[in-house]
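Structure first, then comments.
Chain letters run A, B, ... following the sequence lines, proteins first, then strands; residues in each count from 1.
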4 protein chains.
Amino acid sequence: MKRKTNKLTAKKMDKRLRIINAAMNVFGEKGFHKTKIIDIARSARVADGTIYLYFHNKDDLFIAAFEELIEEKLQNLKKIIAAIDDKLERLLKFFSLHIEMFTQNPNIARFVTKELRQSSEFYLKYPTFRPLQEYINYLKKLCQDAIDASLIRSIDTEVLVIIMIGTLNFALFEWSLGNSNRSLEDIKEQAVNIIYRGLKKGPAPENTEDE
Amino acid sequence: MKRKTNKLTAKKMDKRLRIINAAMNVFGEKGFHKTKIIDIARSARVADGTIYLYFHNKDDLFIAAFEELIEEKLQNLKKIIAAIDDKLERLLKFFSLHIEMFTQNPNIARFVTKELRQSSEFYLKYPTFRPLQEYINYLKKLCQDAIDASLIRSIDTEVLVIIMIGTLNFALFEWSLGNSNRSLEDIKEQAVNIIYRGLKKGPAPENTEDE
Amino acid sequence: MKRKTNKLTAKKMDKRLRIINAAMNVFGEKGFHKTKIIDIARSARVADGTIYLYFHNKDDLFIAAFEELIEEKLQNLKKIIAAIDDKLERLLKFFSLHIEMFTQNPNIARFVTKELRQSSEFYLKYPTFRPLQEYINYLKKLCQDAIDASLIRSIDTEVLVIIMIGTLNFALFEWSLGNSNRSLEDIKEQAVNIIYRGLKKGPAPENTEDE
Amino acid sequence: MKRKTNKLTAKKMDKRLRIINAAMNVFGEKGFHKTKIIDIARSARVADGTIYLYFHNKDDLFIAAFEELIEEKLQNLKKIIAAIDDKLERLLKFFSLHIEMFTQNPNIARFVTKELRQSSEFYLKYPTFRPLQEYINYLKKLCQDAIDASLIRSIDTEVLVIIMIGTLNFALFEWSLGNSNRSLEDIKEQAVNIIYRGLKKGPAPENTEDE
DNA sequence: GATGAATGAGGTTTCATTCAT
DNA sequence: CATGAATGAAACCTCATTCAT
């Protein structure tokens, strides 16, 4: 039954996906405002009018592209992480996967790092637009699990999320602009090392000792 | 009265500064593309044509505003930090000052966090536009100094910069959107704690030991 | 049941008529330019492409709808009036019938009063589009008959047509917009009275006499 | 004083008027929807953007043009008619002047006859748009005055207005399309004759008597 | 015949920039 | 120096029309 209904829908889906993918690329490359609908249309090999058969307007397309990207990535992430038992490893894996996922191409990285900010104007226009919320919530839960399992110190998960997402975000952004002369892999390894040390249990560092 | 206080050069400086300040505010509030030149002109109480006597175009004004903001903040920072002897305290102070400085009003915070990304399009048009470079370099130096003084571990300063700037940036961004229910002060304290622990000298954490 | 009643030709006729009727209504309601082909298609419960099987284009549909409406109404009119002997009564009946016919619903009234003008652009594109010509000619003939029968004064029938059609048209237009607080019936009665007095035989009015 | 303030304004007014006049002509020629802003701009010898310095949008321009035309004509009318004592002559003069005024060129005639209808869509969007209301009210008053002076029968002025405006409107419309082979002057004379006879005091015509 | 997904030309409107005053 | 009226390029979106199924 599913196969039947999808026969006709296949092409439609195909076209919708082509538009979404084109949108992510072009938005990521040029930014929301410099992206013209016709750029996306050409990239998706459809007429510009066609885009309006699938999306109400440019804003709608942007939001859909963003949400579907995040949604898809989050599903990926969850599936892989669910297979890991250790709560701490899960957290580390999150770091690695995040970077892996968003570096398929620099446009995607730019899309999630740059446009995430750009799109703050959407927060006003579309108050329900919280594309990262679910993502962040998931990360919070991973942190809380690690804390509950006594694998890391009991710290404010909101702060931890800011450190982790902020670091990942900026690292990807710099990478997408070609600004860094370290490999992302290197950067990740070291960042994980530093942050993990900052989280592990044990006595707080004492300045007096050092002096 | 007005005529008296406004000496010729003062008047000119005054006008340029008024435009820059207006630009920072309006760009921060509305974002680059939604900001109209006439908005800035009105906010600075000049005619729109006048802006073109001081800046070549909208891009130029944006860049000038950004650079002058960063430049001014960096001078501030350096002056205050120069008065501190301890290399580690300097690093901590940097964190605090950064947040203090860019939270004078949310528009300024948005300007530096959101528009920094937005402006990646300027990297293409104006390859020399690296507004944060000096700022980042200074932070790198502070890190290196702390390492050289054996106050923190010998880590890659580039990575450290990414963690610190990324964290600060994201914390400010979330704050400017009113998304966080923690105070910035709280977040800063805890972030510093975590990152500092991650940096302090001593043996690496061992998972097996902890369990 | 539906399949049975819809014989092949009947079905076709049915569809064409359904489109024409839908067109009259939607054109009347929204005006030519605000009417979208898909509006008519939906109203006629056909696909939009289907309309192009029966009409060359939107203009063609508009003209066809208009002409068929007028044609149908004129046939009605002629049939009823043919049954009347008195040439004067025929003229009066024309007045009444015209109003009756075009007030079946306000959309139809708007269609014939408003779009008649709107469509003056068709006069350029389709010089043969003279939808009211036959109608007007018939009225002229009725007038001429009344004159020949010495029932009214011998006046220029063209002028009379302008008075009658102009009056009817404007009365219907105002009614269709809901602008008048008199009933159409009232207006008609009084208008007929005035115009008929203006037509009847006898000495011209003399101002001096009346005073 | 007035002269001074008008010095600068002169050019502005000139441009505004040029746009209004161009608008009346082009709207009259092509109709509202087929008229493109750039058509009006070219006709007024300004850039298309300039039009938006004087009018909010196309609708606004249309309404302004219509209202200013009617307003101007009505002032004319009132001034001339005020100089006439006889209440009946006033009514007759109204008829003549109306035709004279709106036949300066066919575009103007089309503008007032065709677009008056077209613009019924404006009644919905702009409920206060009643361009002819004042005009009609003035005609009603003229009628009432003639009735009060016992110069014509006591008839419903609303009906009379419908006859008069409807007739004038249709006559002008047909003339503007070049459809009539009578001169407007001829038509007017005869129409006035018929309508006046219909209005004069005296016994109603009796059909039976005539036969 | 019937469908409706796809097309793409076209128009209103905005706004950065210029330049006469 | 300062002004702000004028310019005109550019882009989102609509919708009549086509054509593969």
Sequence neighbours excluded, the answer for side-chain contact (heavy atoms from CB on, under 4.5 Å) partners of Asn107(B) is Asn25(B), Glu29(B), Asn105(B), Arg110(B)
Separation of dC1(F) atom C1' from Arg16(B) atom CZ, nearest Å, is 16 Å
Residues passing the salt bridge (Lys or Arg N to Asp or Glu O under 4.0 Å) test with Asp59(D), sequence neighbours excluded, are Lys125(D)
Between Lys58(C) and Leu61(C), is there a side-chain heavy-atom distance shorter than 4.5 Å? no
Separation of dA5(E) atom P from Tyr54(A) atom OH, nearest Å, is 8 Å
Sequence neighbours excluded, the answer for side-chain contact (heavy atoms from CB on, under 4.5 Å) partners of Ser43(D) is Ala22(D), Val26(D)
Here the distance between atom C1' of dA5(E) and atom CD1 of Ile19(A), to the nearest Å, is 12 Å
Separation of dA6(F) atom P from Phe55(D) atom CZ, nearest Å, is 12 Å
From CZ of Phe27(D) across to C1' of dG11(E) the rounded distance in Å is 13 Å
Open item on the list: Please confirm whether the ring centroid of Phe62(A) lies under 6.0 Å from the ring centroid of Phe55(A).
Closed with: no
Check your understanding: Quick one: are Glu67(B) and Ile70(B) in side-chain contact, heavy atoms under 4.5 Å?
Key -> no
Atom CG of Leu61(C) and atom P of dA16(F) are separated, to the nearest Å, by 11 Å
Residue set satisfying side-chain contact (heavy atoms from CB on, under 4.5 Å) with Thr50(C), at least two apart, ordered chain then number -> Lys15(C), Val46(C), Ala47(C), Leu53(C), Tyr54(C)
CG (Asp14(C)) and CD1 (Ile19(C)) are apart, to the nearest 0.5 Å, by 9.5 Å
In 5'-to-3' order, the base (B), backbone-only (S) or no-contact (-) status of each nucleotide in nucleotides 7-13 of chain F, using a 4.0 angstrom heavy-atom cut-off, is BB--SSB
Separation of dA16(E) atom P from Asp60(B) atom CG, nearest Å, is 14 Å
Separation of dT12(E) atom C1' from Phe62(D) atom CZ, nearest Å, is 17 Å
*May I ask you to check whether Phe66(D) and Phe27(D) place their ring centres under 6.0 Å from each other?*
no
When pairs are called at under 3.5 Å and a stem needs at least three consecutive Watson-Crick or G-U pairs, the stems of DNA chain E are E:2-21 with F:2-21
